[in-house]
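Each remark here refers to the structure printed beneath this line.
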2 protein chains.
Amino acid sequence: MAEEFESLDKILEKHIPSEELKIVQRLLYGSTPKKIQVDSDLEAKGLEKDFELACYGFECQKEGLRAPRQVRVALIQNQIVLPTSAPVENQRSALFKRIGEIIDVAGQAGANIVCLQEAWTMPFAFCTRERLPWTEFAEPAEDGASTKFLSNYAQKYGMVIVSPILERDQVHGDVLWNTAVIISHTGAVIGKTRKNHIPRVGDFNESTYYMEGNTGHRVFETKFGKIAVNICYGRHHPQNWMMYGLNGAEIVFNPSATLGGLSEPFWPIEARNAAMANSYFTCGINRVGTEMYPNAFTSGDGKEAHRDMGHFYGSSYVAGPDGSRTPGLGRLKDGLLLVDMDLNLCRQVKDKWGFRMTQRLDLYAKGLKEASSLDFKPKIIRDESV
Amino acid sequence: MAEEFESLDKILEKHIPSEELKIVQRLLYGSTPKKIQVDSDLEAKGLEKDFELACYGFECQKEGLRAPRQVRVALIQNQIVLPTSAPVENQRSALFKRIGEIIDVAGQAGANIVCLQEAWTMPFAFCTRERLPWTEFAEPAEDGASTKFLSNYAQKYGMVIVSPILERDQVHGDVLWNTAVIISHTGAVIGKTRKNHIPRVGDFNESTYYMEGNTGHRVFETKFGKIAVNICYGRHHPQNWMMYGLNGAEIVFNPSATLGGLSEPFWPIEARNAAMANSYFTCGINRVGTEMYPNAFTSGDGKEAHRDMGHFYGSSYVAGPDGSRTPGLGRLKDGLLLVDMDLNLCRQVKDKWGFRMTQRLDLYAKGLKEASSLDFKPKIIRDESV
């Protein structure tokens with residue numbers, strides 16, 4: 001079974017001799033970021049707490065007029081801790097405890113920005129189409145339980161935390177949103193941003209819980225650079241990635257929950273393509289494990305009802321604007337990926353490849369306006385002989 | 001040296017045991033299209049004429065109300081034949097002869113649509129910034145030497161041919177364009193389409209020869225489906241791919257000329273991402289070999305002047321809307337890639353993933369209009385503590 005192997009990278013490393021492995025890695029990953037040794041204390045903590053710990057650094061040229069803007073980013077992928085049949089409060093507090101353990105290591109490793117996976121406080125229960133108990137996991141972005149919980153860590157380690165949750169919007173009729181909260185290194189909430197594109201594919205029945213986001217493509221200017229969050233299914237839409245770039249993002253996080261049987265060949269392509277096309281860093285984070293539900297549900301695929309969506313395959317990674325990327329975390333375990341990057345690389349790549357200069361925005365503004373009109377006529381030239 | 005190995009696929013097949021190879025291929029290529037055995041006569045011809053011949057078929061579900069729309073597409077990648085110092089007429093006729101040999105095999109193999117590489121009638125001489133003799137390769141799209149030459153093959157085999165050339169626009173002041181001519185299976189010219197985005201990177205000095213295309217994102221409705229052509233550097237711009245999709249393309253060709261040192265890690269990502277994002281097939285074609293010029297030129301990279309751009313790495317491939325792709329042709333040799341596809345797959349994938357339904361075009365029409373305005377204010381939320 002596909003679920004039983006650890007990662008693509010491990011298979012390649014096991015079989016391919018080192019000279020040829022270098023070629024394979026160059027073709028697959030560009031100029032692979034360098035592996036960085038982390039402190040042995042922290043390594044021991046990862047082993048003790050049973051999560052994978054990996055660290056890489058992207059290369060960047062020195063400039064004469066700008067100092068390097070070196071940032072250490074941390075991505076956390078994890079399984080749920082308790083069964084989905086446990087009381088909501090217990091499920092959530094077990095997740096808080098687990099994430100606390102991993103964030104502590106990130107903080108001690110000097111991470112500047114941490115991003116968690118999509119809807120990290122809960123199982124990804126939207127497959128069930130049931131409301132209670134799952135909607136109880138929703139909370140206000142500004143002062144919900146998870147925001148308060150993470151705010152302490154942000155302050156303690158002086159780091160920015162991106163916290164993707166199920167939001168309860170009490171101001172607007174108690175509706176739900178799929179939202180990321182951006183917590184400052186001071187512990188204050190800088191703001192929130194919502195998932196712009198909602199899936200209707202397979203078990204992803206999210207469109208019955210919340211609507212397309214109404215917060216646009218805002219970028220958050222933090223102590224550690226300009227960041228944005230493209231939540232999960234938004235990564236399938238290149239125009240979504242593009243708008244975050246146009247608003248100035250230097251790092252775009254893509255907290256996700258996606259399945260081996262559905263999207264695994266898409267995963268290494270989309271966030272990486274976005275990094276190249278937009279001259280910024282992208283960070284793909286996917287949850288891990290198989291989540292069983294009390295009641296069986298159908299997947300709209302003509303098969304029998306069943307109690308799990310399939311395997312969330314982790315494989316979190318970071319892609320650079322220059323076409324390079326890190327190896328991924330594994331497919332089976334919780335993990336912490338630490339990645340060092342100099343944000344100056346973004347502008348260096350813009351100057352080299354010129355994608356912003358050559359992108360002809362006005363042409364596309366006009367084209368999309370026409371295409372979204374009800375009486376749009378596609379520009380088709382017919383072979384009159386047919 | 002990177003130039004000396006044949007392809008990524010060959011390295012993987014050599015070292016990885018078959019069970020694990022299947023996993024690797026699934027992760028890298030999705031549900032890999034099946035290898036198809038071609039007629040032994042044609043195989044012999046490939047061997048005799050020293051070009052690689054490979055054939056794959058994408059899978060597609062049967063439908064109740066639509067018959068399959070099975071199409072065989074042929075991609076041709078090739079080196080120049082004579083040195084760039086040979087007389088222009090000889091260089092061109094040697095290329096005509098070579099392409100004729102390969103097209104004959106494509107035609108005998110039942111190809112319905114053939115696409116050649118970018119500026120296939122000439123060396124990719126724009127690195128030199130010299131005009132004569134290179135601009136002599138330019139010709140009118142409608143009735144130039146290469147169009148007449150290919151028209152015969154189109155008629156003989158009843159196939160559509162996409163011919164990317166350097167165009168001389170005699171109607172508009174003799175200016176040059178980077179253009180693809182679409183030749184009907186009847187031999188008539190259906191129309192032409194121009195390169196929308198012109199590079200200014202490294203040795204790609206094309207912007208001193210021709211401007212950004214003015215033919216928009218037209219799609220050609222041929223006997224074998226709706227096709228479009230995104231020439232070379234246009235593949236770096238997701239919005240360009242998107243517009244061809246919005247106009248109804250089912251196959252988008254990406255005839256290219258690109259170099260190992262520059263773009264090789266981008267190559268497997270961009271056309272494939274476009275196929276996924278737009279629910280159509282994409283065909284990446286790259287020339288092969290190293291082209292030496294009489295006079296040295298500089299690359300704007302602080303290095304010594306030199307007489308070649310580097311190695312064009314071939315690696316042509318086809319990507320499907322479902323996230324799958326074929327292996328690539330090799331990096332070193334001329335090649336003919338035959339690929340069978342049922343165009344019904346495009347709509348099947350649209351129905352499954354829903355990217356067209358969820359793409360919120362009006363949001364982006366508005367966003368791009370704002371972003372292209374001179375007084376655009378990026379949507380930035382600042383951490384006021386910084």
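Just so it is clear, the values below take in all heavy atoms, side chains as well, and ignore hydrogens, waters and symmetry mates. Nothing here was measured: the structure is a model prediction, and the numbers come from that model. Each chain gets a letter, A, B and so on, in the order the sequences are listed, and its residues count up from 1.
- Annotation: maximal heavy-atom pairing with chain A below 4.5 Å, among B:G248, B:S373, B:A228, B:G367, occurs at B:G367.
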Checklist line | side chain to side chain contact (heavy atoms under 4.5 Å, CB included) assessment of B:L27 paired with A:Y313 | finding: CA-CA 11 Å; B:L27 290 176; A:Y313 53 82; over 6 Å; no
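- Using modelled atom types, one finds a donor on one side chain and an acceptor on the other under 3.5 Å when comparing A:H15 with B:E20.
- In this structure the side chain of B:L368 reaches within 4.5 angstrom of the side chain of A:M243, judged on heavy atoms.
- Between chain A and the residues B:T222, B:T186, B:V24, the most heavy-atom pairs under 4.5 angstrom are made by B:V24.
- Interface summary for chain A: among B:R218, B:Q239, B:K14, B:R382, the most heavy-atom pairs under 4.5 angstrom belong to B:Q239.
- For the set A:K352, A:Q359, A:M357, the entry with the most heavy-atom pairs within less than 4.5 Å of chain B is A:Q359.
- For the residue pair B:Y233/A:T358, the side-chain donor-acceptor check at 3.5 Å is satisfied.
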Margin query: B:I381 vs A:I190, test: side chain to side chain contact (heavy atoms under 4.5 Å, CB included). Steps then yes/no.
Written below: CA-CA 7 Å; B:I381 297 179; A:I190 305 177; 4.0 Å; yes
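- With a threshold of 4.5 angstrom between heavy atoms, B:K366 does not approach chain A through any atom at all.
- Between A:I269 and B:R272, the shortest heavy-atom contact is CD1-NH1, 3.4 Å.
- For A:K22, no part lies near chain B; criterion is any non-hydrogen pair under 4.5 Å.
- Neither the backbone nor the side chain of A:D351 comes within contact range of chain B, judged by heavy atoms closer than 4.5 Å.
- Here B:M276 is the residue among B:K223, B:K369, B:M276 with the most heavy-atom pairs under 4.5 Å with chain A.
- If you tally non-hydrogen atom pairs under 4.5 Å between each of B:D301, B:I182, B:L262 and chain A, the highest count goes to B:L262.
- Residues B:I380 and A:K226 share a closest heavy-atom pair of CD1-CD, 3.9 Å.
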Next item on the list: Evaluate side chain to side chain contact (heavy atoms under 4.5 Å, CB included) for A:H185 paired with B:S385, printing each intermediate quantity in order.
Entry: CA-CA 9 Å; A:H185 66 288; B:S385 80; 3.5 Å; yes
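- Heavy-atom distances place both the backbone and the side chain of A:N240 under 4.5 Å from chain B.
- More than 12 non-hydrogen atoms from other residues, nucleotides or ligands lie less than 6.0 angstrom from NZ of A:K350.
- In this structure, the portion of A:L363 lying under 4.5 Å from any heavy atom of chain B is its side chain and not its backbone.
- The CG atom of A:N247 lies 9.0 Å from the CD atom of B:E370; values are rounded to the nearest 0.5 Å.
- Contacts of A:E212 with chain B are made by both backbone and side-chain atoms, with heavy-atom separations under 4.5 Å.
- Taking both residues in full, the closest heavy atoms of B:F376 and A:L246 are given as CE2-O, 3.4 Å, listed atom of the first, atom of the second, then distance.
- Your options are B:E221, B:R325, B:E270, and the one with the most heavy-atom pairs under 4.5 Å with chain A is B:E221.
- Side chains of A:N196 and B:R360 form a contact here, defined as non-hydrogen atoms less than 4.5 Å apart.
- Aromatic pair A:F266/B:W353: ring centres closer than 6.0 Å.
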Next item on the list: Could you walk me through whether A:L28 and B:L28 pass the side chain to side chain contact (heavy atoms under 4.5 Å, CB included) test, one step at a time?
Entry: CA-CA 9 Å; A:L28 290 181; B:L28 290 180; 3.9 Å; yes
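- Under the 4.0 Å criterion applied to side-chain N and carboxylate O atoms, A:E264 and B:R26 are assigned as salt-bridge partners.
- Nearest heavy-atom pair across A:A277 and B:H236 is CB-O, 3.9 Å.
- Minimum heavy-atom separation, B:F355 to A:H237: O-CE1, 3.0 Å.
- Counting heavy atoms from C-beta on, the side chains of A:V160 and B:D383 never come closer than 4.5 Å.
- Taking 4.5 Å as the limit, some side-chain heavy atom of A:I11 sits within range of a side-chain heavy atom of B:I16.
- Residue B:N278: no heavy atom, backbone or side chain, is found under 4.5 Å from chain A.
- Both the backbone and the side chain of A:S184 come within contact range of chain B, with heavy atoms under 4.5 Å apart.
- Comparing A:L21, A:L361, A:I198, A:V386 by how many heavy-atom pairs each has under 4.5 Å with chain B, the most go to A:L361.
- For the pair B:Y364 and A:H217, the minimum side-chain heavy-atom distance is below 4.5 Å.
- Both the backbone and the side chain of A:V201 come within contact range of chain B, judged by heavy atoms closer than 4.5 Å.
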